[in-house]
Amino acid sequence: NAEKVVGNVLMMDMAVINDFMVGFIEGCRYADPDVKVNTAYIGAVDAAKAKDMAMSMYQSGSDIVFQVAASAGLGVIEAGKEQGRYVIGVDQDQAMVLMETDPDAANRILTSVLKRVDVAVYRMIEMLQKGEVPWGSSEALGMEEECVGIAKTDVYQQLVTDEVKAMV
């Protein structure tokens with residue numbers, strides 16, 4: 001949007017949740033260094049509070065709100081639907097999950113950030129079979145290893161420019 005404002009509604013202030021926030025902010029600023037990211041923590045599984053926070057963000061100029069709020073994120077999706085704005089879901093393709101029961105809400109979900117635990121587990125099984133597990137160490141897995149990704153929904157395909165898709 002012209003205001004260059006997006007929102008971020010998070011469950012609580014903890015490392016695993018903040019990893020999503022940092023990635024979102026870094027990605028936004030990579031795409032546009034002038035973007036402002038409004039961030040709020042709801043502190044509990046509270047869909048009504050998540051919806052209120054998202055409504056406030058939309059009314060303050062955000063056209064997209066990324067939610068990392070477990071089932072409370074449904075409140076953010078409801079706010080996006082009511083405001084005619086967009087949401088970025090989390091963990092699974094939330095648009096696909098909602099398409100049959102609430103297509104209006106599903107069509108407000110631009111994409112969802114996917115945790116591909118299945119890919120990480122399969123990768124570990126393959127490493128075990130080959131005797132290549134780096135015992136006593138850890139590794140960060142992301143988009144390159146296909147352990148993190150985004151849902152390329154119909155809304156994503158229609159609204160996201162080819163330039164941004166290539167950037168992602």
Side-chain angles (χ1 to χ4, degrees), residues 4-58 60-80 85-98 105 108-128 132-153 156 160 164-165 167-168:
K4 297 184 178 186
V5 179
V6 296
N8 196 7
V9 173
L10 306 157
M11 177 66 74
M12 55 186 53
D13 186 0
M14 57 189 285
V16 70
I17 301 296
N18 289 334
D19 285 346
F20 284 91
M21 175 187 65
V22 169
F24 180 64
I25 292 170
E26 287 181 359
C28 289
R29 292 200 174 134
Y30 177 82
D32 186 339
D34 297 325
V35 73
K36 180 180 178 194
V37 181
N38 291 326
T39 298
Y41 294 99
I42 57 175
V45 180
D46 186 339
K49 188 172 182 181
K51 180 179 178 180
D52 288 345
M53 288 180 168
M55 292 291 274
S56 177
M57 289 178 183
Y58 290 131
S60 296
S62 295
D63 56 353
I64 298 172
V65 174
F66 175 38
Q67 62 87 6
V68 184
S71 61
L74 294 172
V76 176
I77 295 168
E78 186 65 26
R85 304 286 177 89
Y86 292 99
V87 176
I88 297 174
V90 72
D91 294 339
Q92 61 183 330
D93 182 348
Q94 290 188 296
M96 183 182 70
V97 170
L98 292 171
R108 302 315 311 169
I109 301 170
L110 180 64
T111 187
S112 294
V113 174
L114 307 174
K115 289 190 298 189
R116 297 297 313 271
V117 176
D118 58 328
V119 174
V121 169
Y122 187 81
R123 184 174 192 276
M124 177 57 79
I125 292 168
E126 285 185 321
M127 291 169 71
L128 279 166
E132 298 174 354
V133 175
W135 299 109
S137 65
S138 64
E139 63 181 341
L141 302 174
M143 290 184 90
E144 187 174 317
E145 297 83 12
E146 298 181 9
C147 291
V148 176
I150 60 170
K152 295 179 179 166
T153 64
Y156 174 87
V160 176
V164 172
K165 288 176 189 172
M167 195 183 310
V168 170

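Hydrogens, waters and symmetry mates are skipped; everything else that's a heavy atom, side chains included, is used. Computed from a predicted structure; not experimentally measured.
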- What distance do M57 atom CE and F66 atom CZ have between them, rounded to the nearest 0.5 Å? 12.0 Å
- Minimum heavy-atom distance between S112 and A95, given as atom pair plus value: OG-N, 4.4 Å
- Ignoring hydrogens and angles, tell me if any N or O in the side chain of T111 forms a donor-acceptor pair with the backbone of K152 under 3.5 Å. no
- Ignoring hydrogens and angles, tell me if any N or O in the side chain of E146 forms a donor-acceptor pair with the backbone of M143 under 3.5 Å. no
- Message: Could you measure the distance from the CG atom of L98 to the CG atom of L74? Nearest 0.5 Å is fine.
- Response: 6.5 Å
- Item | Verdict with reasoning, Q67 to V87, per side-chain contact (heavy atoms from CB on, under 4.5 Å) | CA-CA 7 Å; Q67 62 87 6; V87 176; 4.1 Å; yes
- Task: Report yes if some heavy atom in the side chain of M11 is under 4.5 Å from a heavy atom in the side chain of V68; otherwise report no.
- Result: no
- Task: Provide the closest heavy-atom pair for I42 versus K49 in the form atom of the first, atom of the second, distance.
- Result: O-NZ, 3.1 Å
- Note on the structure: Scanning both residues in full, the closest heavy-atom pair of M124 with V133 reads SD-CG2, 3.7 Å
- Query: How far apart are the closest heavy atoms of A44 and A72, and which atoms are they?
  - Reply: O-CB, 4.4 Å
- Message: Can you tell me how far apart CE (M53) and CG (L10) are? Round to the nearest 0.5 Å.
- Response: 9.5 Å
- Message: Keeping Y156 on the side-chain end and I109 on the backbone end, is there a donor-acceptor pair under 3.5 Å?
- Response: no
- Query: Taking NZ, NE, NH1 and NH2 as the nitrogens, is one of them in D63 or R85 under 4.0 Å from a carboxylate oxygen of the other?
  - Reply: no
- Residues, nucleotides or ligands: over 12 heavy atoms within 6.0 Å of E144 CD: no
- Message: If I take atom CG from residue L114 and atom CD from residue Q94, how far apart are they, to the nearest 0.5 angstrom?
- Response: 9.5 Å
- Item | Spatial distance of atom OG1 (T153) from atom CE (M96) [nearest 0.5 Å] | 11.5 Å
- Nearest heavy-atom neighbours spanning G7 and S62: N-OG, 3.5 Å
- How far does NZ of K165 sit from CD1 of I150, to the nearest 0.5 angstrom? 9.5 Å
- So, do Y41 and N18 sit near enough that their side-chain heavy atoms are less than 4.5 Å apart? yes
- Message: Using the rule given for side-chain contact (heavy atoms from CB on, under 4.5 Å), can you reason through F24 versus V113, listing the C-alpha separation, both sets of side-chain angles and the distance that settles it, and then say yes or no?
- Response: CA-CA 10 Å; F24 180 64; V113 174; over 6 Å; no
- Task: Heavy atoms only: give me the nearest V9-A54 pair and the separation to one decimal.
- Result: CG2-N, 4.2 Å
- So, do K115 and F20 sit near enough that their side-chain heavy atoms are less than 4.5 Å apart? yes
